[in-house]
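See structure below.
Note that the coordinates shown come from a computational prediction; the quantities given were computed from them, not determined experimentally.
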Amino acid sequence: MTSTAGRPAAPDPAPTDDGRAGSGLRAGDADGTIIVHTLPSVPNFRDLAGTEGYVTPHGPMRRGVVFRSSTVDPSPEDLATLGALGIVAVHDLRGRGEIDRRPDTVPAGAIWRHLAVPGLPPDRVRGLRTPSDVRDAMVEHYRGFVSAPHKRAGIGAALAAISAEDGPQVFHCAEGKDRTGWIAMLLQRLAGVSDADIVRDYLLTNERMQATGATLDVARAFFGDRADDFFRPAMIADAAYLEAGTAQLEKDYGDLEGYLRKGLGLSDDQLDRLRSLLVG
């Protein structure tokens with residue numbers, strides 16, 4: 001884990017005619033919160049609360065507090081945008097090999113934490129022969145977020161770390177799709193976001209990453225040089241994957257609270273802290 005002491009003051013970006021500054025940053029919301037809609041060089045970076053604050057029974061989710069992302073390797077302009085957000089922590093869910101291939105670049109003053117959530121094991125990947133095999137492996141991967149102790153350990157550590165921070169923070173994996181998508185779902189459900197909004201938010205990855213070409217490069221680096229069609233089930237956010245994981249959660253733990261407490265080992269204080277971060 002690396003860190004730098006202190007946090008720079010947020011610069012005052014110059015808005016354009018439509019009220020937004022460069023890199024999709026809007027100078028301020030009604031309550032003074034700086035809002036970011038897009039980062040061109042980090043295509044799957046977005047607010048966990050959505051663009052307007054997802055509706056919950058307790059009020060809208062708080063924006064500008066928790067962000068989800070693909071690998072955090074921004075352009076200089078987008079790095080300045082992250083600095084303007086006042087990011088205090090970046091939680092990296094990737095494995096060491098993924099990090100070595102494409103390390104993060106974090107804003108000055110932010111702490112970088114390595115909180116690995118394992119992906120598909122190499123021996124499983126070597127045995128895949130067809131797109132159908134890949135899809136089955138992805139379903140297993142999501143079920144493993146619940147049933148595999150080593151995956152639960154990483155997810156629990158990530159949620160505990162998020163609960164411990166006071167300022168804006170980012171969590172991410174390589175594409176911001178599977179490991180990130182699962183943790184995003186957990187936080188949104190904890191906040192009380194509707195299932196429909198959670199699924200729409202999860203599927204937004206397909207729009208964000210499709211235009212970059214990076215997803216295929218990552219898949220080929222992970223699975224080896226195969227025909228493009230082979231990779232498709234691993235390149236997309238598929239609601240069936242999320243449904244497989246949540247069905248496993250309900251089977252093994254009954255409900256979200258049971259999974260968070262018994263499966264991930266989170267305390268009442270940590271859960272209360274997460275709720276207060278997510279819904280004001």
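Applying the side chain to side chain donor-acceptor pair (under 3.5 Å) criterion to Thr180, with sequence neighbours excluded, gives no partner residue. By the ring pair (Phe, Tyr, Trp, His ring centres under 6.0 Å) test, Tyr142 pairs with Phe145, Tyr241, sequence neighbours left out. The side-chain contact (heavy atoms from CB on, under 4.5 Å) check on Pro103 picks up nothing, with sequence neighbours excluded. Glu257 meets the side chain to side chain donor-acceptor pair (under 3.5 Å) test with Arg261, Arg275; sequence neighbours excluded. Under the side chain to side chain donor-acceptor pair (under 3.5 Å) criterion, Arg135 pairs with Asp238, not counting sequence neighbours. Residues satisfying the salt bridge (Lys or Arg N to Asp or Glu O under 4.0 Å) criterion with Arg273, sequence neighbours excluded, are Asp166. Applying the side-chain contact (heavy atoms from CB on, under 4.5 Å) test to Val199 and every residue at least two apart in sequence or in another chain returns Leu203, Ala239. By the salt bridge (Lys or Arg N to Asp or Glu O under 4.0 Å) test, Asp133 pairs with no residue at all, sequence neighbours left out. Checked against ring pair (Phe, Tyr, Trp, His ring centres under 6.0 Å), His91 has no partners two or more places apart in sequence or in another chain. Asp197 is linked by a salt bridge (Lys or Arg N to Asp or Glu O under 4.0 Å) to Arg200, counting only residues two or more places apart in sequence or in another chain. With sequence neighbours left out, Arg68 forms a salt bridge (Lys or Arg N to Asp or Glu O under 4.0 Å) with Asp201.
For residues 247-280, the ring pair (Phe, Tyr, Trp, His ring centres under 6.0 Å) pairs, not counting sequence neighbours, are Tyr253-Tyr259.
The pair Glu165-Arg113 meets the salt-bridge criterion, since a charged nitrogen lies less than 4.0 angstrom from a carboxylate oxygen.
No side-chain donor-acceptor contact under 3.5 Å links Asn44 and Ser69. In summary, the side chains of Asp73 and Thr105 do not present any donor paired with an acceptor at a separation below 3.5 Å, with no hydrogens or angles considered.
Taken together through direct or relayed side-chain contacts under 4.5 Å among Ile, Leu, Val, Met, Phe, Trp and Tyr, Leu271 and Ile162 form part of one hydrophobic cluster.
For the atom pair Asp47 CG and Arg62 CZ, the distance stands at 11.0 Å (nearest 0.5 Å).
In this structure, Asp229 places its CG atom where only 12 or fewer heavy-atom neighbours from other residues, nucleotides or ligands lie under 6.0 Å away.
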